[in-house]
Amino acid sequence: MQRQGPAPVTGSGVPPQPSAGDREVDERRAVAGQGTGEPPRPVARRFGRALRSPDTLNLVPLLVAAALWLWALPRIDFRDIAEFGLLDRFPLTFYAALAVLTCGFVLSLRRAGTAPLWPATYCAAMLVALKAPPAILYDTVRYAWASKHDAIISRLLDEGTVHPGRELSGGMSAYDQWPGFFSLDAALVRAFGVDAAASFINWAPVALGLLTVPVLILVYRTFSDDWRLVWTGVWIFQLANWVGQDYLSPQGFSYLLYLTVFAVVVRHFVLPGSAGPLRDRSTLDPAAAAVPPPTTTRQRAVAVLILLPVIATINASHQLTPIMLCATLFALCLTRRYRNIGLLVTSGLVMLAWNLTMGRELFLDTLGTLREKAGDLLGNSRPGFAGDPTGPGPELVGSANILMVLALGGLAVAAVLLRRKLVRSALPLALAAAAPLPMFAVNDYGGEMIFRVYLFGLPGSAFFAAAALVPAAGAVSRAAVTARRIAAVALPVTLVAMLAGFLPSYYGKEGMHYAPPGETALTRRAFDRAPEGALILAATGAFPDAYYRYDHYERWFFTEQEVDENLRMLKDPAGYLAGGIPAGRPAYVILTRTQGEAVIGEGYLPEGGFDSLRGALKRSPLFQVVEENTYGVVLRFRPTTGG
């Protein structure tokens, strides 16, 4: 074999450089794996390896779900809502997108500890997929109470101040006595340069949900090092949060602040020397996190000062959340680990100070009802509606609500019984979940107490429900191996089942939450037509713009009472309403399609009762039809024509 000599040298002493054509050939060979001494590597093989990479396996379901969801979105027939709400208006591709997201989330849990970004992305994607459709599609404000809050914000913007001592009908004075949340929203309206909060109000569930996720992570990571457990807890919290308190409301805002205070307390208020055996890993569940480092008295005092503005904001925004906060802090004091009397006393004093000053009138009125409500466990735990919902849609919603509560509670109880070591280290979460229960013995909160107790117990319940589905990875016993095999099937099946329960619970009554622009316009014309100080009658306040210009009129929602009284009213609707209208007071009746859905969905009237009511008023000489269209009817009371 002939031996090659050294490369020729030019006159300048520099080896000759390859031409552009030679470089192009070398680059093509390098790409193909030639000329490098390595075997050829076809592009198809590298592409196949890329498709099998963990990141690609996590990304593909996300892209498929996004494509399905975007294709389904414009095909959601929200303008023709029937008795099942949006459930039969969602196309199949919408449900397919949610199923794919669920499968992708379960797959992402395999690398939750090394790549937590993927479960986080799936949690955010599921939140958007579930709650963004109304924000994107609806051309009016979703949910009657959201439009009520829009009216309060608009009034605050117009007047520039609040009037805590001014008496307003329908309990509207309370919103001037707890104006913190509405002041913030008024500032947002000015900052965004929009006309009213209605321009962004439908996005509140998405925004509050996304803000809640990092707070939940802080709480759950305090008690668990297992990222799978943490993210599953967050996922279950989202699916179990169907009670509808995440709209633009003082409750939704103050609930986020409540969780923030709780997260700070469990991470930075540990008393020195209180951990005891919890410092020993051998006594802990493999998924349990180490107890946070203790803090000195001075550090806790500084933390109280830092939390003081947050606690004050909670008290300035909502009546019930400060009570729930004090109940939770008291429950934490039952453990030596978090026995911080100073923070509990501070929270109680701030609450008492606000109730005796700005909120004095409602506070004293509430104290007056305690004698009647206290101790009535069955009455205080009854849902807000007076009777049983009628119709297949509302009945399905009621059944889904019950099944969701039973499923969440059953899973949480199973974890408490089976993973006692985890309960020992995460005891503060268990106490926080149980802390709201005594509220049933105090008041019914206008028929809302059962939903608020569920809401405030949800963070702890979701964590332990996740613990029942995500067994510890470090255990090697035969029972642990069996548990992991069962969980591999139980986890996706349970998450899909909870998703199936969330959808009717959240969207099953959408007929009473969405009103077309024509109905809103009809309502506003009715209010504008009525003279100052007139009495406005409606079957229920659960319709958009029911509180439009609420400080100029008095309102009477005449079916929001016991069912027996409503049945008596249906025998002679015109005479019943005429008997409740003060002499000489101008009065108008507004009956809309949304009200018809609400009185049936909430159980105020029997099936067909709303149509009977409407027909009777139209036929009566005591009421004159002022305007009528497909969206509703407006009638004026004329007492001079009847006896």
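Values below: every heavy atom of this structure, side chains too, minus hydrogens, waters and symmetry copies.
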Q: Measure the CG-CZ distance between Asp528 and Arg549 for me, rounded to the nearest 0.5 Å.
A: 5.5 Å

Q. Can you tell me how far the CG atom of Asn355 sits from the CG atom of Leu362, to the nearest 0.5 Å?
A. 8.5 Å

Q) Any donor-acceptor pair under 3.5 Å linking the side chain of Ser317 with the backbone of Thr313? A) yes

(Q) Students often mix this up, so state it plainly: with edges at 30° and 60°, are the rings of Phe78 and Tyr514 parallel, tilted or perpendicular? (A) perpendicular

Q. Between Phe637 and Tyr588, does the ring centroid distance fall short of 6.0 Å?
A. no

Q: Look at the rings of Trp556 and Phe558 and say which category their plane angle falls in: under 30° parallel, 30 to 60° tilted, over 60° perpendicular.
A: perpendicular

Q. So, Glu565 versus Tyr576: side-chain donor-acceptor pair below 3.5 Å or not?
A. yes

Q. More than 12 foreign heavy atoms under 6.0 Å from CD of Gln624: is that the case here?
A. yes

Q: Calculate, to the nearest 0.5 Å, the distance between atoms CG and CE belonging to Leu613 and Met569 respectively.
A: 5.5 Å

**Q.** Atom pair CZ/CD of Arg568 and Glu562 - distance to nearest 0.5 Å
**A.** 13.0 Å

**Q.** Arg524 side-chain N/O to Tyr548 backbone N/O, donor-acceptor pair under 3.5 Å
**A.** no

(Q) Using the ring centroid of each side chain, check whether Phe557 and Tyr547 are separated by less than 6.0 Å. (A) yes

**Q.** Lys/Arg-Asp/Glu bridge criterion (N-O < 4.0 Å) met for Arg166, Glu361
**A.** no

Q) Can you check ring pair (Phe, Tyr, Trp, His ring centres under 6.0 Å) on His149 and Tyr247, steps first, answer last? A) CA-CA 10 Å; His149 294 163; Tyr247 67 105; 5.5 Å; yes

(Q) To the nearest 0.5 Å, what is the distance between CZ on Phe181 and OG on Ser249? (A) 6.0 Å

**Q.** Asp176 bridged to Arg155 by N-O distance under 4.0 Å
**A.** yes

Q) Leu248 and Ile153: side chain to side chain contact (heavy atoms under 4.5 Å, CB included), yes or no, with the steps? A) CA-CA 11 Å; Leu248 194 73; Ile153 297 166; 4.3 Å; yes

(Q) For Ile590, is there any backbone N or O sitting under 3.5 Å from a side-chain donor or acceptor partner on Gln595? (A) yes

**Q.** Spacing of Asn241 atom CG and Tyr454 atom OH [to the nearest 0.5 Å]
**A.** 7.5 Å

Q: Measure from the ring center of Trp69 to the ring center of Tyr95 and say whether it is less than 6.0 Å.
A: no

Q.
Can you confirm whether or not the ring centre of Phe253 sits under 6.0 Å from the ring centre of His318?
A. no

Q: Using a cut-off of 6.0 Å, state whether more than 12 heavy atoms not belonging to Arg360 lie near its atom CZ.
A: no

Q) Under 6.0 Å between the ring centres of Phe84 and Tyr507? A) no

(Q) Is a donor from one side chain sitting under 3.5 angstrom from an acceptor on the other, for Thr559 and Asn566? (A) no

Q. When you check the gap from the basic side-chain N to the acidic O, do Arg525 and Glu627 get nearer than 4.0 Å?
A. yes

(Q) Assess whether a salt bridge exists between Asp545 and Lys148, defined as any Lys/Arg side-chain N lying under 4.0 Å from an Asp/Glu carboxylate O. (A) no

(Q) Donor-acceptor pair, distance only, cut-off 3.5 Å: does the side chain of Trp71 make one with the backbone of Ala66? (A) no

Q) Hey, is CG on Asp158 packed in by over 12 heavy atoms from elsewhere, all under 6.0 Å? A) yes

Q: Show the numbers, then the answer: is there a side-chain hydrogen bond (donor to acceptor under 3.5 Å, both in side chains) between Glu560 and Thr540?
A: CA-CA 6 Å; Glu560 294 183 357; Thr540 174; 2.7 Å; yes

Q. Do other residues, nucleotides or ligands put more than 12 heavy atoms under 6.0 Å from the CD atom of Glu532?
A. yes

Q: Begin with the C-alpha distance, continue with both residues' side-chain angles, and end with the deciding distance and a verdict on salt bridge (charged side-chain N to carboxylate O under 4.0 Å, His left out) for Asp139 and Arg79.
A: CA-CA 10 Å; Asp139 40 16; Arg79 290 187 177 88; 3.4 Å; yes

Q | Side-chain donor-acceptor contact under 3.5 Å, Arg452 with Gln251 | A | yes

Q) Salt bridge or not for Arg89 and Glu510, using N-O below 4.0 Å? A) no

(Q) With no hydrogens and no angle check, just 3.5 Å: does a side-chain donor-acceptor pair link Thr212 and Tyr255? (A) no

